[in-house]
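Notes follow once the structure below has been shown.
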Amino acid sequence: MNLNTQKRWLDLNLRRLLLNPVNIALTILLIVLAYLVLWPFFQLVFETLTWGEGDRRFSRDAVPGEFTWFHWLQATASPISEKMLYSPLINTLITGVIATILALSAGGFLAWCVVRSNMPGKGWLQPVLTLPYIIPSFAIALAWETVFRSPKVGGQPGLYESILGVAPPEWLSYGTVPISITLAIHYFPFAYLLVAGALATIDSQMEESALISGAGKLTILRKITFPVVAPAFVAAFILTFGKTIGQFALPFLLGAPVQFHTVATMVYANLALGLDSLAFVLAVILIVISLISIWLSNRFIKKKSSRFETIGGKGFRSREVNLGQWRWPVFSVVALFAFVVGILPLILLAIQSIMLIDGFYGLENLTWHFWTGKSNPDIAFGEPGVFHNNNIIGATWNTLKLASLSAVIASIIGLIIAYIVVRKSDNLLANALDQIAFIPFLFPTIAFGAMYLTLFAEPVGPIPALYGTFTLLVLISVVSRLPYSVKTGVTAVTQIGKELEEAAEVAGASWGMRFRRIVMPLASSGLTSGMMVSFVGVMRELSLIILLITPSTRVLMTAGFGYAEEGLTQLSNALVLIVAVLTIIGELILWWIGKGRMTRLREKL
Amino acid sequence: MADIIIRNLTKKYGSETALNNVSLEIKSGEFMVLLGPSGCGKTTLLRCLAGLETPDQGEIIIGDKVVFSSADNIMSPPGERSLGMVFQSYALWPHMTVRDNIKFGLDVLNTPKNVSNDTLDSVLKSLGMKEFENRYPSELSGGQQQRVALARLLATKPPVFLMDEPLSNLDARLRMDMRVELKKFQSESEATTVYVTHDQTEAMTMSTRVVVMKNGEIQQVASPGNLYRHPSNTFVADFIGMPRINLINLTKKHKDGSVFINKDVQIDVGWVPASNEIVLGAHPEDLVVSKKEIPSSEKYSVTAVLPNGPETIIQLTRGKTAVIARVAHDSSFNVDESVYVNFSVSSLNIYDSKNGVIIEPSNN
């Protein structure tokens, strides 16, 4: 082949590569995601290392745009560091660790009961046990406040005081204890799911052989079961911890009244005070902690998978442990627990939302005013009830719009990315796309919000300043859902054999026709459930968007947060209850879709 | 209906060479089987023909159309090569009914509705699948799924069929039935067929010619009979045949003689091969085994007796040389018994032990 033909050959190959629709999509997605995921992080770090306009207040040397260590020094080694960084950091770590230990103990015990024991009532206990994770964490915090509110910090007494006649000790109302407990309540289902997954992979034959060797039940649990799930336990610990530190609304509600701050709430507080750069420093620190914890958990998961490869295709079965006479006592404990953490908070919110004066328990105090009432200057500063409140109706509309738009966009982009990742698994760029799409998972949501605040505050080139627009909310919601929707998409696309597409290709179908008639229909059930997951996820999101919300773009969660800040507890309870109910409905639909698919599959087999 | 010509095809995956300068001509209407161990490049060759893989070098001509040429920058997409393909998994679209699965290819060609309906009806009828037309693939048995995959070929009637191990997912009995059905199907459709398999029985029973491949290179192209009788090198000899051929390393006893020996045995091959060091290839049925002494035989001892229905396989050893012989099912040999063995000279193949290539076709 001479030089000329070689060149023509190259040209042809290059043209074919460039005109391939998959390659075009790959290139565009890489550029867009790099801008929406990587660049905001650099921008955030950059902001912490340069003087801002507002810094002229603090230092005469401030030259906006110039490099400086000022903000980092201010955060780590100045008179305010203790208040700004160290004490919130310690609070974050302490509440995070306590919450994780509690969540993991409860989750581990429940997982064992549900997966491995013959406890009765598993079928309906399981969904109730996952409720606290499904509803917004904010709801649990509100419910806690309803019970343990202390008049010392102002406002009406809570249920505790009304019943017992004495105010609860302050440590039970605000600070480390309530934050740790409510975080644990919110996250134990997460730990539960992780541990249950690990427990389900244990082959009972391992335990049975120990049984035959003469070991007792407790010995087996201690010497066989626990060591095998231990690595998963450690990984679950770190992952749960990583999630707790990014929580904003919950610690804010139960900590701020007594000046108890975590790093996440400090980010918000500093932004409210106009100390933007300091807030960004804290956001960077939050990201670093999150990165370290996820890196650690990955190490443990890797170790586990190489050392304890227990999932075999053959001879695998799981035997239930007989609880004997403990069956019903265990059931009662679990059921009571499920009621207290899963259902009671919602009942409390509901009751609270129909009380005229909160904290005063009696039939004559009940009113539908906060739901159906019109504006009355004597009640709640004249805020009308939910159904007449334009603010709330607007927020509801915004919520549904935001959740459905983000869910649809995230799922379709997720499917396209997944398609590229699966079908071009040997392509370096496709792998890079996969990695970038996963990165939002590593950012604590409030830090991610802070990034977008810095990135879209001012117009950059052709991109307008999106701050304050609804578009920005959709954008950040979509990007934050991508790690999940790509994962769902990968599962869906992997199940579509490559040969199915090749058969269509040999028949002469173009890429568009193949995607439309083969890939989309086959991925649709996975796509639908992925959409529903995103819908629910976006709907209950608060910390991600709290920094980006303006009055015209408010959603239910931020409106509820706003009312809670203003002390209008009935309205905030009502709103959070609405979100909780909507998310539960979403989950039910999801469960129904899943069940429908299962039955359809079973019919065919 | 269409010849296939493959010239100097090379395909590399990184540093792995999947196809090394492969050339092959397949005549119109032929049933050509690509046979070889896994990783030999047979599937890659098929996928290059289909256009699902792009070769690095070479040329492919299907009918009178050049579908791939590295010299002329031609790479036709699969849909423009006028071929149909049956995949190992059948690749039936699970969300479409049997009828829609078959219809897809017609839709791509924008076939008018009435024509397409008539075609579908006749195809479904000819394969006996009419009553299943509204079922989904998951509601069919393996054999029925196989038929739907074939029906997809019949609907568009391409002149070339490509089949990638289409019977490997069926159980042994059904595979037998489908072999017969497939062979009939192919000869009726008259399409040039390229069929990939690693199962030599499939290759031998169905093909008009077999291509044996190894490490991306063609070892031999021959009719099934010739392939069995005259494997062109020791790899092919060793690969074809069940039980395996006996390959015995021997040295010429006297210069220009026809007698070859090793430490244990001595065999007169009946002619004088050019090489002094040879590998003798003798099929198990080429050994004459007798309890009584026969001319030019040697004494072996029976080390294993494996009855297998119509035949019995026995293992014989003399010193460290072990051979397998195939004897009638009613013969009664016992382990440790001494027997006399004579090689039927006319059926032996002789290979040069240096490169394993056949020296000269044995004269039978």
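By convention in this document, chain letters (A, B, ...) are assigned in the order of the sequence lines, proteins followed by strands, and residues within each chain are numbered from 1.
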Rounded distance [0.5 Å steps], CH2 in B/W93 versus CD in A/E501: 11.0 Å

Mind checking the CE-CZ spacing from A/M513 to B/F104? Nearest 0.5 Å is all I need. 4.0 Å

Can you tell me how far CG of A/L522 sits from CE of B/M96, rounded to the nearest 0.5 angstrom? 8.0 Å

Toward chain A, the part of B/L162 with a non-hydrogen atom under 4.5 Å: neither

Side-chain atoms of residues 31-49 of chain B: list all donor-acceptor pairs with protein atoms under 3.5 Å, sequence neighbours left out, distances to 0.1 Å.
residue, atom, partner, partner atom, Å
B/K42, NZ, B/G36, O, 3.1
B/K42, NZ, B/P37, O, 3.4
B/R47, NE, B/E53, OE2, 3.2
B/R47, NH1, A/E502, OE1, 2.9
B/R47, NH1, A/E502, OE2, 3.2
B/R47, NH2, A/E502, OE2, 2.5

So which residues of residues 481-494 of chain A are in contact with chain B at a heavy-atom cut-off of under 4.5 Å? none

Heavy atoms from other residues, nucleotides or ligands near NZ of A/K401 exceed 12 (cutoff 6.0 Å): yes

Under 4.5 Å from a heavy atom of chain A, the part of B/L52 involved: side chain

Got more than 12 heavy atoms from elsewhere within 6.0 Å of NZ, B/K125? no

CZ-CG distance between A/R517 and B/D100, expressed to the nearest 0.5 angstrom: 7.5 Å

Most contacts with chain B, counted as non-hydrogen pairs under 4.5 angstrom, among A/A507, A/A503, A/G497: A/A503

Going from CE on A/M520 to NE2 on B/H95, what distance comes out if it is rounded to the nearest 0.5 angstrom? 11.5 Å

Proximal component of B/R152, with respect to chain A [non-hydrogen, under 4.5 Å]: side chain

Would you name the heavy atoms of A/E499 and B/F87 that are closest together and state the gap between them? OE1-CB, 3.3 Å

For B/D171, I'd like to know if atom CG has over 12 heavy atoms of other residues, nucleotides or ligands within 6.0 Å. yes

Most chain A-contacting option - heavy-atom pairs closer than 4.5 Å, from B/G79, B/G105, B/A149: B/G79

At a 4.5 Å cut-off on heavy atoms, which part of B/S89 comes close to chain A: side chain, backbone, both, or neither? both

